[in-house]
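For reference, the structure discussed in these notes is given below.
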There are 4 protein chains.
Amino acid sequence: MSTPPAFKRLPRAVREQQMLDAAVKVFSRRGFHAASMDEIAEDAGISKPMVYAYLGTKEELFVACLHREGTRMMQAIAGAAAPDLPADERLWRGLRAFFGFVGAHRDGWAVLYRQARGEQPFAAELAGMRARMVEVIAGMLDHALRAEGREVGETELEVVAYALVGATESLADWLADHPEEDSARTATRMMNVAWLGAGQLLHGASWRPPAE
Amino acid sequence: MSTPPAFKRLPRAVREQQMLDAAVKVFSRRGFHAASMDEIAEDAGISKPMVYAYLGTKEELFVACLHREGTRMMQAIAGAAAPDLPADERLWRGLRAFFGFVGAHRDGWAVLYRQARGEQPFAAELAGMRARMVEVIAGMLDHALRAEGREVGETELEVVAYALVGATESLADWLADHPEEDSARTATRMMNVAWLGAGQLLHGASWRPPAE
Amino acid sequence: MSTPPAFKRLPRAVREQQMLDAAVKVFSRRGFHAASMDEIAEDAGISKPMVYAYLGTKEELFVACLHREGTRMMQAIAGAAAPDLPADERLWRGLRAFFGFVGAHRDGWAVLYRQARGEQPFAAELAGMRARMVEVIAGMLDHALRAEGREVGETELEVVAYALVGATESLADWLADHPEEDSARTATRMMNVAWLGAGQLLHGASWRPPAE
Amino acid sequence: MSTPPAFKRLPRAVREQQMLDAAVKVFSRRGFHAASMDEIAEDAGISKPMVYAYLGTKEELFVACLHREGTRMMQAIAGAAAPDLPADERLWRGLRAFFGFVGAHRDGWAVLYRQARGEQPFAAELAGMRARMVEVIAGMLDHALRAEGREVGETELEVVAYALVGATESLADWLADHPEEDSARTATRMMNVAWLGAGQLLHGASWRPPAE
DNA sequence: TATGAATGAGGGTTCATTCAT
DNA sequence: GATGAATGAACCCTCATTCAT
């Protein structure tokens with residue numbers, strides 16, 4: 001009798017996670033607008049008013065999803081890329097963690113992120129996530145650069161980070177369409193593109209537009 | 001009475017373009033779902049039933065927008081990247097054309113595209129656009145490789161092209177959010193990341209994951 | 001063929017009146033909150049979206065009712081109380097018209113007005129109506145006073161008019177609850193209370209509080 | 001165990017008063033429908049089920065508010081207007097008490113009363129309150145009349161009482177909008193209108209409609 | 001006693017879409 | 001060809017009310 005029976009009345013924290021799980025699932029399947037609160041509630045096995053009581057408006061719910069999933073992903077990446085490793089290894093581990101996460105949480109991040117980009121009300125939340133991500137990546141690069149005595153402007157770093165993120169997302173899509181591919185191998189591929197390019201940059205190589 | 005009247009009722013083709021102009025404007029300002037057929041019709045200076053008569057359903061209308069804008073963009077790129085130039089110059093010109101287009105048509109492409117990525121019904125159309133782009137880029141790379149007597153597996157090429165496309169799209173978003181940035185400069189930035197990395201790859205360099 | 005058949009597609013102006021008729025009826029039967037837009041639409045023999053298209057929000061609809069009924073009432077009163085009559089006769093005619101209106105439009109005025117008094121969003125509209133009424137009555141009294149060479153401060157007039165309006169409204173409620181009562185008789189009753197009191201005031205009589 | 005515990009949990013009567021206080025506050029601020037049981041419970045610092053356990057349904061709760069506030073007001077008035085005083089002084093004291101009460105309990109009666117008039121379910125309760133009020137006022141008047149050897153029909157008395165109540169309420173509103181006015185002065189003003197008119201009536205004066 | 005958890009029911013509002021003129 | 005009139009279908013959200021602890 002020490003194991004509690006499967007209660008119907010669950011404590012708030014548990015129910016909130018259930019709701020978020022359902023919401024992430026439905027939002028990613030249908031898209032923000034097409035998702036209905038009814039479906040989310042039903043999928044969470046609870047009535048609609050509870051969703052409103054605990055997580056608020058549809059928009060607020062979406063932001064909560066974004067927040068939870070974003071945080072999980074950042075933790076996965078940050079946990080993988082120990083700051084005392086050399087830059088390329090950190091990047092490699094980070095990428096591997098990222099692709100692993102995206103592969104495992106197809107619903108969670110990739111789709112929420114894609115949804116969010118299209119809708120204005122989430123600009124703020126997204127900007128925050130993006131900023132943290134860019135910061136992490138730019139941090140890695142900057143660290144490596146300084147180790148070699150080089151320095152690059154903030155905008156430069158941001159742009160590189162942006163490009164890496166975009167390329168990574170794109171490969172994540174590609175991975176999603178090629179289930180036979182293994183995520184580690186995809187990460188390696190990404191490293192090949194990213195690191196060789198970024199590595200060149202780090203070493204001072206630079207491409208210049210031809211004279212017209 | 002025998003001379004044709006000065007058309008107040010414009011010919012169908014013209015009307016359709018007006019509608020598409022209005023639709024592109026409204027879709028990008030509001031997003032696909034938040035855009036209303038009422039607003040589009042009003043903005044086009046025409047009644048709603050006409051929109052349905054000429055361009056069909058809201059989804060069909062959006063696809064038509066996507067199609068027109070996508071075609072325009074592909075033409076802009078294709079026209080810029082003459083096939084007889086060396087690969088890096090073709091890529092550079094293509095990128096410059098792309099970023100130039102995105103910069104000039106903030107409404108048009110960048111935003112529609114961002115919308116479309118989030119919604120399932122447009123997956124097909126989008127996949128098509130992206131496929132065409134990947135094909136073009138892969139073609140460029142392959143061309144360059146063969147010119148140097150090298151050859152790379154199809155999958156490799158596709159992956160690299162995918163990554164480049166993703167990085168480029170990501171920078172396009174970045175450009176859309178930084179109106180003060182010059183589009184040619186953004187293209188140069190992209191080249192720096194892309195070409196140095198891809199160029200290394202093409203010449204046989206390769207990064208390998210560390211032994212764990 | 002000259003008499004048009006009973007069309008189903010009626011012009012906007014007609015439909016708006018039908019909707020207002022239905023709204024007045026339902027609002028007075030159920031009260032503002034308990035009234036449902038569904039019932040109003042059904043009673044008007046039309047679908048809900050038309051109500052929203054023509055008359056807007058539930059609140060706006062209620063205000064429109066208030067406005068129409070209030071205007072009708074003011075016109076009835078103004079038309080009855082010709083400005084060239086002596087003050088008591090003007091007041092009498094005004095009251096008779098007022099109670100006549102209330103008796104004939106139980107739904108319209110008495111109830112809407114009763115509803116409106118309880119709800120904050122309509123305070124402005126109501127205050128406006130009451131202000132116009134107070135102004136009219138104060139005007140009558142002032143006119144009469146000046147005809148007798150007397151003059152009273154503006155505040156005094158306003159207070160008297162306010163009291164008269166309140167007493168009248170209260171008797172209108174009473175009338176609404178006593179359908180067997182004749183409205184002219186109620187008007188006479190009101191005159192007895194109002195005029196004798198107000199008349200005394202006008203002639204300089206005044207009551208003073210006893211020393212405590 | 002035989003000694004009653006030092007109540008932390010307040011005795012029922014006290015809790016009920018707290019709830020009524022909160023309910024009166026919320027009902028008058030929001031109106032009956034817009035008021036939510038949640039807000040009332042929260043404002044009372046107690047959980048919702050307790051409200052239901054102690055005071056029943058929302059409607060029953062409102063009736064309880066109406067009842068308590070109405071009773072308080074009647075007591076204030078009755079306590080002020082000692083039955084052995086002359087009629088005008090009784091009326092004067094009653095009015096002063098009424099305005100004082102309304103001024104001091106802006107939340108309390110006047111607002112609840114206004115709410116109640118718009119909603120059917122409270123017709124019974126309201127009729128009762130009104131009857132007591134009319135009875136008190138009519139009692140004053142009747143007393144005075146009989147002292148002068150005159151007698152007036154019940155309906156007449158009721159109508160006069162009604163008009164006085166309406167005028168008084170209206171001046172209470174006016175007072176609310178003119179905070180610089182003192183309530184005793186407003187009561188005096190009301191007396192001027194009411195008593196002079198009613199006083200005339202009591203002494204046999206009467207206004208007659210003109211022949212048409 | 002006291003409350004957090006839970007819900008059935010319903011209301012306002014909007015929209016894509018289509019007739020009938 | 002062109003449009004005002006019209007609607008079915010949902011969706012978001014709230015609330016009074018009640019269990020189960």
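Keep in mind that the numbers below use all heavy atoms, side chains included, and drop hydrogens, waters and symmetry copies. Within every chain, numbering begins at 1; the chains are lettered A, B, ... in the order of the sequence lines, protein sequences first and strands thereafter.
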Checklist entry - Under 4.0 angstrom, heavy atoms only, what part of the nucleic acid is Met50(A) near: base, sugar-phosphate, or nothing? => result base
Item to check | Glu42(A) CD to dC11(F) C1', straight-line distance once rounded to whole Å | outcome: 15 Å
Item to check | Atom pair distance, as rounded to whole Å: CG in Asp38(A) and C1' in dA9(F) | outcome: 13 Å
Checklist entry - Whole Å only: how far is the CG atom of Leu55(D) from the C1' atom of dT17(F)? => result 15 Å
Checklist entry - When you check the phosphate oxygens OP1 and OP2 of dT14(E), does a side-chain N or O of Tyr52(C) lie under 4.0 Å from one of them? => result no
Checklist entry - Are Arg15(D) and dT1(E) close enough that a side-chain N or O sits under 4.0 Å from OP1 or OP2? => result no
Checklist entry - Is there a side-chain polar atom (N or O) of Arg12(A) under 4.0 Å from OP1 or OP2 of dA6(E)? => result no
Checklist outcome for this item: Assert: residue with more 5' nearest nucleotide on DNA chain F, out of Met19(C) and His33(A), is Met19(C)
Checklist entry - Does Lys48(D) make a side-chain donor-acceptor contact with the base of dT18(F), cut-off 3.5 Å? => result no
Checklist entry - Aromatic rings Phe62(D) and Phe122(D): how do their planes relate, parallel, tilted or perpendicular, breaks at 30° and 60°? => result tilted
Checklist entry - Within less than 4.0 Å of OP1 or OP2 of dT17(E), is there a side-chain N or O belonging to Thr57(B)? => result yes
Checklist entry - Would you say the side-chain atoms of Thr57(C) pair up with the backbone N or O of Glu60(C), donor to acceptor, closer than 3.5 Å? => result no
Next on the checklist: Categorize Ala34(D) for me: base, sugar-phosphate, or nothing, with a 4.0 angstrom heavy-atom threshold over every strand shown.
Outcome noted: nothing
Checklist outcome for this item: From CD1 of Ile46(C) across to P of dA5(F) the rounded distance in Å is 10 Å
Item to check | Derivation of the side-chain contact (heavy atoms from CB on, under 4.5 Å) call for Arg29(A) and Asp43(A) | outcome: CA-CA 12 Å; Arg29(A) 190 175 345 182; Asp43(A) 195 277; 4.2 Å; yes
Item to check | Any-strand Watson-Crick or G-U partner of dG12(E), both distances under 3.5 Å | outcome: dC11(F)
Checklist entry - Rounded to the nearest Å, what distance is computed from the CG atom of residue Leu61(C) to the C1' atom of nucleotide dG12(E)? => result 12 Å
Checklist entry - When you measure from the centre of the six-membered ring of Phe32(A), is the NZ or CZ of Lys58(A) under 6.0 Å away and within 45° of the axis? => result yes
Checklist outcome for this item: Of Phe32(D) and Pro49(C), the one whose nearest nucleotide on DNA chain F sits closer to the 5' end is Pro49(C)
Checklist outcome for this item: Against the side chain of Ser36(B), the closest entry in dT7(E), dT17(F), dA16(E) is dA16(E)
Item to check | Residue mapping more 5' on DNA chain E - nearest nucleotide basis, Met37(C) or Gly45(A) | outcome: Gly45(A)
Item to check | Nucleotide of dA5(F), dA5(E), dT13(E) approaching Arg9(C) most closely (side-chain heavy atoms) | outcome: dA5(F)
Checklist entry - Reckon Ala41(D) touches a base, only the sugar-phosphate, or nothing at all at heavy-atom distances under 4.0 Å? => result nothing
Checklist entry - In whole Å, what is the span from the CD atom of Glu39(B) to the P atom of dC15(E)? => result 10 Å
Checklist entry - With both distances kept under 3.5 Å, what pairs with dT21(F), Watson-Crick or G-U wobble? => result dA2(E)
Item to check | Rounded distance in Å - CD (Glu59(A)) to C1' (dC12(F)) | outcome: 12 Å
Next on the checklist: Please check if the number of heavy atoms outside Glu42(B) that lie under 6.0 Å from its CD is greater than 12.
Outcome noted: no
Next on the checklist: What is the separation between atom CD on Glu16(B) and atom P on dA2(F), rounded to the nearest whole Å?
Outcome noted: 12 Å
Next on the checklist: Would you say NE2 of His67(D) has more than 12 non-hydrogen atoms from neighbouring residues, nucleotides or ligands within 6.0 angstrom?
Outcome noted: no
Checklist entry - Any side-chain N or O of Tyr54(C) less than 4.0 Å from the OP1 or OP2 oxygen of dA5(F)? => result yes
